[in-house]
Number of protein chains: 2
Amino acid sequence: MQNALPENASVLVIDDHPLFRKGVLELLASTPHLKPAGEADTGEKGVELAHRLQPDLILLDLHMRSGQDGIATLRKMRAEGIEARIIVLTVSDAPRDLVDAMRSGADGYLLKDTDPELMLHYLQESLYGKTVLSEGLAQMLVSTLSQDPGGPIRQLADLTDRETTILYCLSQGLSNKMIARELDIMESTVKVHIRNLLKKLKFHSRVEAAVWAVSQGVSSR
Amino acid sequence: MQNALPENASVLVIDDHPLFRKGVLELLASTPHLKPAGEADTGEKGVELAHRLQPDLILLDLHMRSGQDGIATLRKMRAEGIEARIIVLTVSDAPRDLVDAMRSGADGYLLKDTDPELMLHYLQESLYGKTVLSEGLAQMLVSTLSQDPGGPIRQLADLTDRETTILYCLSQGLSNKMIARELDIMESTVKVHIRNLLKKLKFHSRVEAAVWAVSQGVSSR
DNA sequence: TGGTTCGTACCTCCATCGTGGTATTTCACA
DNA sequence: TGTGAAATACCACGATGGAGGTACGAACCA
């Protein structure tokens with residue numbers, strides 16, 4: 001990042017939506033100081049291209065249908081020593097996504113509905129070393145954190161596979177009996193898993209866990 | 001629809017993402033038989049433009065941040081006699097969105113991550129009068145319907161103000177005791193409201209109601 | 001005036017849930 | 001080879017939730 005070149009910087013676009021890539025690439029192509037370096041429709045290809053093309057800037061989609069998602073891709077890149085500026089480009093304004101992205105080494109977080117002119121401005125700012133966030137996100141982040149001072153930080157990662165599966169069932173509104181039937185185990189076992197996941201996630205009831213799971217988009221493993 | 005012109009058809013794009021509009025419009029511009037008629041970033045402007053430009057085909061985003069959303073826009077257009085082919089273009093593969101769109105008068109439902117070539121193919125098919133659905137959606141729709149034949153149509157509107165308030169509390173994961181404290185009424189009264197709303201919405205438990213409420217974005221009245 | 005809806009409150013009864021244990025098997029890892 | 005984590009299963013008990021009922025006052029409307 002220390003050697004970012006604001007003049008004629010190359011940009012790699014990683015997004016699984018061909019039409020959106022098209023829009024971004026055209027925008028880049030029509031701009032003097034930026035040039036499209038390449039595009040990828042999955043995280044895996046993106047990492048590979050990042051190594052090969054050594055772009056100055058990487059635009060990365062968060063939620064991609066196939067293969068690893070944006071966060072995993074981002075972590076992989078940083079782990080493998082890629083030092084390009086990386087800006088997450090997404091439709092999600094969920095605090096969780098923003099926090100995850102910034103913690104995983106993103107240099108910016110922009111919403112896809114950003115005006116193209118503003119987007120270009122952000123990209124330039126980023127190449128100069130600034131951290132860029134779409135309007136309102138910084139404030140949202142602050143208010144989210146300040147609303148819940150020292151509140152528990154719940155982490156899906158703390159759960160075992162089985163607990164995650166059962167949390168998913170909870171988020172579908174299933175009763176213990178139904179979960180037991182679904183997974184073909186005893187209801188007593190279901191209770192044990194629920195007890196453990198409630199403890200880990202610091203919830204007081206299945207309802208709290210269920211609505212949280214929905215907001216996290218928990219899926220079965 | 002009966003007078004669709006597959007040759008040199010004009011297309012209106014309604015989407016609140018500038019870059020995505022850019023991608024779509026460029027795709028259209030580079031295609032012989034289609035020409036961009038205009039673009040709008042809100043449903044309201046879209047309806048207005050649809051009247052003024054009389055396009056042959058309208059591409060409509062479902063979830064737009066500001067103003068009326070895609071479904072409302074679609075219904076308004078049909079109600080006001082707009083006969084253009086209307087294809088919903090969205091990231092959502094939720095059965096509910098698909099069903100709502102088709103019931104509201106859409107002629108097609110395509111996912112935004114569709115390959116551009118395939119997208120063009122679909123647009124042509126639509127102009128010839130065919131109903132177009134992205135791959136897998138038709139099957140998903142069928143399986144959804146067959147899983148749940150004549151399944152209940154839940155309507156927030158059926159609830160009284162008090163029930164809505166309590167449903168909101170449920171969606172926050174509160175227990176009956178907590179709801180009673182929050183609203184300063186007896187726990188027994190809370191139970192009555194919950195019983196009534198469960199009955200109206202045809203749910204079997206508070207958890208089902210809570211996760212549904214979250215997905216509906218229920219807010220307190 | 002009478003009928004209806006809504007919100008409130010109380011009651012009982014039984015199912016479900018949550019918490020506290022203990023115990024066994026399997027599997028990976030040191 | 002032992003150790004620990006994970007998943008399974010069972011028991012018991014108290015708390016919570018859901019279904020059924022009745023009742024009363026306020027607001028509204030015909």
Side-chain angles (χ1 to χ4, degrees), chain A residues 151-216 218-221, chain B residues 151-216 218-221:
Chain A
I153 300 162
R154 301 181 215 281
Q155 287 235 264
L156 211 48
D158 294 343
L159 301 185
T160 67
D161 281 8
R162 206 49 162 171
E163 286 160 358
T164 307
T165 302
I166 286 191
L167 179 58
Y168 171 74
C169 293
L170 277 185
S171 78
Q172 303 297 105
L174 299 185
S175 65
N176 291 347
K177 197 169 291 189
M178 293 303 293
I179 297 173
R181 202 170 300 165
E182 186 82 15
L183 302 179
D184 198 29
I185 55 179
M186 290 289 102
E187 192 184 336
S188 55
T189 307
V190 174
K191 283 187 169 191
V192 172
H193 289 308
I194 289 183
R195 187 163 74 222
N196 293 337
L197 74 85
L198 287 181
K199 190 165 203 169
K200 283 185 185 175
L201 298 175
K202 299 197 169 63
F203 285 122
H204 301 98
S205 74
R206 65 199 291 108
V207 191
E208 290 178 8
V211 301
W212 179 78
V214 170
S215 77
Q216 296 294 303
V218 170
S219 58
S220 178
R221 283 200 199 167
Chain B
I153 300 161
R154 302 182 212 282
Q155 287 234 265
L156 209 48
D158 294 343
L159 301 186
T160 66
D161 280 8
R162 205 51 164 168
E163 286 160 357
T164 307
T165 302
I166 286 191
L167 179 58
Y168 171 74
C169 293
L170 276 186
S171 77
Q172 303 295 107
L174 299 185
S175 66
N176 291 347
K177 198 169 289 188
M178 294 303 293
I179 296 173
R181 202 170 300 166
E182 184 80 24
L183 303 179
D184 198 29
I185 53 178
M186 289 289 103
E187 193 184 335
S188 55
T189 307
V190 174
K191 283 187 170 190
V192 173
H193 289 308
I194 288 184
R195 188 165 72 228
N196 292 338
L197 74 86
L198 287 181
K199 191 164 202 168
K200 283 185 185 175
L201 297 175
K202 299 195 170 64
F203 284 121
H204 300 98
S205 74
R206 66 199 291 106
V207 190
E208 290 179 8
V211 301
W212 179 79
V214 170
S215 76
Q216 296 293 306
V218 170
S219 58
S220 179
R221 283 201 198 167

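Every chain is numbered from 1 and lettered A, B, ... according to where its sequence line falls, protein lines coming before strand lines.
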**Request:** For A:R162, answer base if it contacts any base atom (sugar-phosphate contacts may also be present), sugar-phosphate if it contacts only those atoms, and nothing otherwise; contact means non-hydrogen atoms under 4.0 Å.
**Result:** sugar-phosphate
**Request:** Using a heavy-atom cut-off of under 4.0 Å over every strand shown, decide if A:K177 touches base, sugar-phosphate, or nothing.
**Result:** sugar-phosphate
Nearest-0.5 Å distance that lies between atom [atom1] in [X] and atom [atom2] in [Y]:
{"X": "A:L197", "Y": "A:K200", "atom1": "CG", "atom2": "NZ", "answer": "8.5 Å"}
{"X": "B:R162", "Y": "B:T189", "atom1": "CZ", "atom2": "OG1", "answer": "9.0 Å"}
{"X": "B:Q172", "Y": "B:L170", "atom1": "CD", "atom2": "CG", "answer": "10.0 Å"}
{"X": "B:W212", "Y": "B:L201", "atom1": "CH2", "atom2": "CG", "answer": "5.0 Å"}
{"X": "A:L174", "Y": "A:Y168", "atom1": "CG", "atom2": "OH", "answer": "8.5 Å"}
{"X": "B:I185", "Y": "B:H193", "atom1": "CD1", "atom2": "NE2", "answer": "5.0 Å"}

**Request:** Look at the side chain of B:R195 and decide which nucleotide, out of D:dT8, D:dA19, C:dC17, has an atom nearest to it.
**Result:** D:dA19
**Request:** Look at the side chain of B:V192 and decide which nucleotide, out of C:dT19, D:dG18, C:dT8, has an atom nearest to it.
**Result:** C:dT8
Within less than 4.0 Å of OP1 or OP2 of [N], is there a side-chain N or O belonging to [X]?
{"X": "A:S188", "N": "D:dA9", "value": "no"}
{"X": "A:T160", "N": "D:dA6", "value": "no"}
{"X": "A:N176", "N": "C:dC17", "value": "yes"}
{"X": "B:H193", "N": "C:dT8", "value": "yes"}
{"X": "A:R206", "N": "C:dC17", "value": "yes"}

**Request:** Keeping the roles fixed (side chain from A:E163, backbone from A:L159), state whether a donor-acceptor pair exists under 3.5 Å.
**Result:** no
Give the rounded distance in Å between these two atoms: [atom1] of [X] and [atom2] of [N].
{"X": "B:L198", "N": "C:dT16", "atom1": "CG", "atom2": "C1'", "value": "14 Å"}
{"X": "A:K191", "N": "D:dA12", "atom1": "NZ", "atom2": "C1'", "value": "10 Å"}
{"X": "A:I194", "N": "C:dT16", "atom1": "CD1", "atom2": "C1'", "value": "11 Å"}
{"X": "A:L197", "N": "C:dG18", "atom1": "CG", "atom2": "C1'", "value": "12 Å"}
{"X": "A:M186", "N": "C:dT24", "atom1": "CE", "atom2": "P", "value": "19 Å"}
{"X": "A:L174", "N": "C:dT16", "atom1": "CG", "atom2": "C1'", "value": "14 Å"}
{"X": "A:I166", "N": "C:dG18", "atom1": "CD1", "atom2": "P", "value": "12 Å"}
{"X": "A:H204", "N": "C:dC17", "atom1": "NE2", "atom2": "C1'", "value": "15 Å"}

**Prompt:** B:N196 or A:S205: which one's nearest nucleotide on DNA chain C is closer to the 5' end?
**Reply:** B:N196
**Prompt:** Which residue, B:K191, B:R206, B:E187, forms the side chain to side chain donor-acceptor pair (under 3.5 Å) with B:N176?
**Reply:** B:R206
**Request:** Enter the inter-axis angle for the ends of the helix from C:dT1-D:dA30 to C:dA30-D:dT1 (five pairs per end, rounded to 10°).
**Result:** 40°
